[in-house]
Structures are given as structure tokens and as C-alpha cells.
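Below is one structure; the comments refer to it alone.
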Amino acid sequence: MSENKRPKSVHWADINADKIIREKGEKELYTCASGVTPSGTVHIGNFREIISVELVARALREKGRQVRFIFSWDEYDVFRKVPKNMPDQQLLETYLRKPITIVPDTTGTYENYARANEKVLEDLLPVVGVEPEYIYQAERYRSSAYAQGIRTALEHRQEIRAMLNEHRTHPLPEGWWPVSVFSTFTDKDTTTVLDWDGAWGVTYRCEETGNVETLDLRDTSAVKLPWRVDWPMRWALEGVDFEPAGKDHHSEGGSFDTSKHVVRVFGGEPPVTFQYDFIRIKGRGGKISSSSGEVISLKDVLEIYSPEIIRYLFVSTRPNTEFAISFDLDVLKIYEDYDKCERVYYGMQEISEKKREKERRIYELSQVHGAADEMPYQVALRHLCNMLQSNSGDIDAVISSLPDVSESQIPKLRNRCECAWNWITAFAPEDFRFSLNRPEDVTIVLDDSQKAAFTALAREIEKIDEHTEKSMAEAVYAVAHDHGIEPADLFTTAYQILVGKEKGPRLAGFIMLCGKDKILPILQAVL
RNA sequence: GGGCCGUUAGCUCAGCUGGUAGAGCAGCAGACUCUUAAUCUGCGGGUCGAAGGUUCGAUCCCUUCACGGCUCACCA
């Protein structure tokens, strides 16, 4: 797409990219940053931050700029609370106050607790087109990469203290130090800093053992900066040009607000930023926070939505707007909206010129690796759900029954089938679900007139190749009429025979969909 | 107490850098005596929360107010 010929994009990712260039000036390399504390399952709310940075980074690259997208695992934080969804709660309890990288992975899969939470996400991010450069804070601290940064903080402790006190109810005391120490005796942060020698030496007391020790910043990993100092220190060190943050950080007196002052101490300047709102979950419990136990992760969402559609959800919503990820009937509509956007992109659907560019840009940004030359195969999720259920979830059978599918369209189509099936089995309303009876399972007994009617209907179904959905529907009515049966009764009986329920998919289409090979043996069982 | 964000058709919301408001659902009418929120077609004057201000002109900018939500002031 030749960028210049098109009207200026008004998409938020492009607007922010422009803003970065405007405020930071022309640079060889722009650094965009994101970060998450892996103190529990990384949930879909955390993902909003990550995808926001990805989209802005992509927009910058499309403007011909070099971009470094760094993702910080803030894994050197204290283990403060045991999330309810983790196994072996009692064992985990014993690790409270220690860095989350020393906490064991109670699922027994990875080196430690933090790593377990990280790995699950790292494996999934490429699927949705996010491939940042990971920075592991435990490793950074362990290698004393921040020794100079910590020393600088100590040298400017009074300035920093004043900046933080701006918004505090209870001011930090005169003797406050801008560091916290993990005891080398207990690994816990239950320590008190006693002194700093003006250079690299920090002396502390371990409150649990009473031991007093002096550490050298250049060869210890035990001394850490508190969040409100750590964050701006790293902005300066990495030269961060852009980093969004949640609304909790963005309030006045919040950590972004204080960090934009503290960063000056380290000789840096604050990044361009925006505030993003939280996301809610609909049709599945509601809460998203890790403490409630029920956590919705990217993995959970990927089971219901394709990668493109997950991106689409975030791309098409402005970051400062709260929105819900739905697991209820909205799923059908979301897929339809996406498909419409896709048709607009490929010029298959009329739309006002005004909206066209906007939709096109949303579609582009929603793609994991750029838009394909050929439009993906479209089949409405509702229809797919019926086809899958008629085939007992056999995805291959459904795909091969669809007309004109090209080889290259199959992977996405298969993914959509998997999502549809997951949705049907896990979240679809009861009315929506059915499974075809096996002939031997049909229990209903027909009276003579019903038998005559269904015998006639079976004859029509024999000739299924001559029917269209419409003519089949007419045939169904004709049969009802000829045998003096109310259509509504005929329908009910038909569903009882076919799916063992009073209701089902629209009958004529359903018969056409299943085909005579599936339908006739079932009918025969009651005739 | 500070900050941020909302307040647009019955409902859910779109409306990008100002030019007298649009989608979906619901509703109404019609279509094939229909069913998985059934499908198709047609139908959208709502004081754009209130009051001022800037402007030739404001839903969109500024000020004040009301209501609602979130957030910070402890830690990350």
C-alpha cells in the first residue's frame, strides 16, 4: 500500500506514532516499551498494554522508522499475595515477601513461578503477531546492570524524596532511602536500610535474623529500586520514547505522574504515553483480576476468537475506552462485524467513502502478518456452528463439504471451526446446541398420520438433489397440509426425531445441510 | 480532597483535526402458515446532560454546574 497516496490515517495507532515523531524528533531508533509483573497468570487486561505498544510500533515501522520494542518482565518484584488459581497454596504461602523468581512453579513445569507465568504468554504472543525483545529484570539485577542507576538514585535521594512527597498523605521520612533490600539470609524484603557509604556500599539489617550486612552494589542482586524509582531509571537507561500505562498509573500522583519528574534525576525525559482503560469479560463470570481466582488469559480468548479477531477487538476500540470481551451470543456478532470489515477491505462490500479508509486501516492492523492477497474464506459463525453440530464436531468433514475452498484458505478456516466448536461446547446457550440422533436412539413413536406425513417427507428428501432450500421449505409445508397436520406440530415432531428436542435449526436448511445420507436413516427408524 | 473518563434515537454504542447527527438491536409495515436474538424488504427529526462563551457556524473548542463511573493519595 503506498502510504502517501492515501488520506492521512486517523487511527489511534497512527496518531500516536505521529505524536512520537513530533515530540521526540527524528531519530535513528525509536524505543517502545511495555512491561508486566508476572505475579500471577497474565490476563487479557495485561494484554491490552502489550497489543497497544505493538500497534504503535507497527505504525511507526510503516512510516519507515526503526523501532525497538522492549518488553520488561518485572519479575524481581516481591511475591505479595498467593493467587487463588494456583495449586499448592500452602507451599506458596511460605514464599511470601521473596522475589517471585525464587518462588517455585507449583505446576512443576518451569524453573520458577515467575517463569511459568511468563512462558505461557511468550509462547502465545507470536500467534497474535507480537514479538518483542524481552528484558528479564531478575537477570538485570543479578548482573548488577543497574548498579550505576541505583547509585544515582542514592545520590539524589532528597530530590527524589521531595518529588514523591508531592502527592503523599504521609511524607517519606528524612532518613528514607530510595532502595529496598532482599535479605541475603532469608531472601525476604523484610529489611531496613541503615546506611550508604556515598559510593557503592549499602548497609542493611535483616529484621528476621537481626543480621547486619554491607553489600556492594556492583556485585549484589539484593538491592533493588522501588517501583516509582525503578521505572523512570529504566526509561532513562533504555531511552524509552513511548510507553502507555493503565489508568491507575495515570492519575495525578500515580506512578507515571511521579516518574515523569523522577526521570530527570537520571538524565532522561518521560516517554510519550497514553492511558488505556480496563477491559471487562461478558458471558463468563465477569471479573478479570488475578486475586478473584477466575482469570481470563489470552489463551482463553484464543479458544473462542481467531488471532485476527482478537487484534480487531483492540484495534477497533480506542485505548481509553473500556470494553468487554464477550463469550455469549455477542461472539456471533463480533465475527460478523469482522467479516464485514474484511469484505470492505477486499472491495466486496459497498460502504461510504468516508468509512472505507477507516475500515481498511482497522483491517490491516488486525492482521497478524499483513493482509493476504486472496480474501479469506468467509462462512458465518452461526452457520459453521450448525454444520459442526450436524457433523458431531468433525472439522475435516465440514471443511470438505464447503464449496470452492482453496488450499491456502484452509488454515484460517480450520481455526475458525475450532473456535466455533469451542464456543458451542463451552458457552453457547442451550437452545443453540443440538446433536443429531443416531437411528437407534430415536424414542418417539408416531401415530398413523404422522407416519404417513414423514414417509412423504422422506420421499422428498430422497430427491434432495432437485431441491433448493426454498423448495424444500415449500415441500415441508405441502406435506403438512396434505396430511392435515399443523406445520408447527410437524416441526416439533421432526426435531424430536432428528435431535431429540422440541426445537432446532430452521428445518429446510437443516435438511439440506445434513443431506439425505444423515437424515433418512433417522427417519426410517420411526417409520 | 485531587485527577481522568463518560452523559448522543426505547436499548447498546459510532461520530477522526468544528459545517445543521448515524449503525446494530428493539419497534412498525410487508413478504413464504417457519424455529435455534428466525430470514428478506421498507420505515431513523433524537432540546447530541444543563447553562454560558469563542465562531459566519459547535455534539465536537473554552468555562461553570449536575449526574454516573474509574483512579490516586500504601505497595508494585
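Labels below follow one simple rule: chain letters A, B, ... track the order of the sequence lines, proteins then strands, and each chain is numbered from 1. If you're wondering where the values come from, they're calculated on a predicted model, not measured in any experiment.
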Filtered N/O pairs between nucleotides 31-33 of chain B and protein, under 3.5 Å:
| from | atom 1 | to | atom 2 | distance (Å) |
| --- | --- | --- | --- | --- |
| B/U33 | O4 | A/His481 | ND1 | 3.3 |

If the condition is ring pair (Phe, Tyr, Trp, His ring centres under 6.0 Å), which residues does [X] pass it with, not counting sequence neighbours?
X: A/Tyr363; answer: A/Tyr338, A/Tyr345, A/Tyr346
X: A/Tyr76; answer: A/Tyr141, A/Phe182
X: A/Phe256; answer: A/Trp231, A/Trp235, A/His250
X: A/Tyr204; answer: none

How would you list, by chain and number, every residue that makes a side-chain contact (heavy atoms from CB on, under 4.5 Å) with A/Lys247, sequence neighbours excluded?
A/Gln275, A/Asp277, A/Phe278
Taking side-chain contact (heavy atoms from CB on, under 4.5 Å) as the test, write out the residues that go with A/Ser316, two or more places apart.
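With neighbours one apart ignored, the set is A/Tyr312, A/Ile362.
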Let me know the distance between [atom1] of [X] and [atom2] of [N], rounded to the nearest Å.
X: A/Asp330; N: B/G24; atom1: CG; atom2: P; result: 16 Å
X: A/His11; N: B/U17; atom1: NE2; atom2: C1'; result: 16 Å
X: A/Lys19; N: B/C16; atom1: NZ; atom2: C1'; result: 16 Å

Quick test of your reading: applying salt bridge (charged side-chain N to carboxylate O under 4.0 Å, His left out), list the pairs with at least one residue in residues 220-238 of chain A, sequence neighbours left out, ordered by first then second residue.
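Every pair satisfying salt bridge (charged side-chain N to carboxylate O under 4.0 Å, His left out) with a residue in residues 220-238 of chain A: A/Arg68-A/Glu238, A/Asp74-A/Arg234, A/Asp77-A/Lys224, A/Arg140-A/Glu238, A/Asp230-A/Arg234.
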Which pairs count as salt bridge (charged side-chain N to carboxylate O under 4.0 Å, His left out) when at least one residue sits in residues 172-181 of chain A, sequence neighbours excluded?
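For residues 172-181 of chain A: A/Arg161-A/Glu174.
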Stems involving RNA chain B: give each as a range paired with a range, ordered by first number, where a stem means at least three consecutive Watson-Crick or G-U wobble pairs under 3.5 Å.
B:1-7 with B:66-72, B:10-13 with B:22-25, B:27-31 with B:39-43, B:49-53 with B:61-65
Which nucleotides of nucleotides 68-76 of chain B have their base under 4.0 Å from a protein heavy atom (B), which only their sugar-phosphate (S), and which neither (-), written as one string 5' to 3'?
--SBSSSSB
Would you list the protein and nucleotides 9-11 of chain B atom pairs, both N or O, that sit under 3.5 Å from each other?
none

Is it the case that B/A37 (base atoms only) and A/Arg382 (side chain only) share a donor and an acceptor within less than 3.5 Å, ignoring hydrogens and angles?
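Result: at least one qualifying N/O pair found.
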Remember a base hit wins even if backbone is also touched, and classify A/Tyr495 as base, sugar-phosphate or nothing at under 4.0 Å, heavy atoms.
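Base: the residue A/Tyr495, judged by heavy atoms under 4.0 Å, touches a nucleobase.
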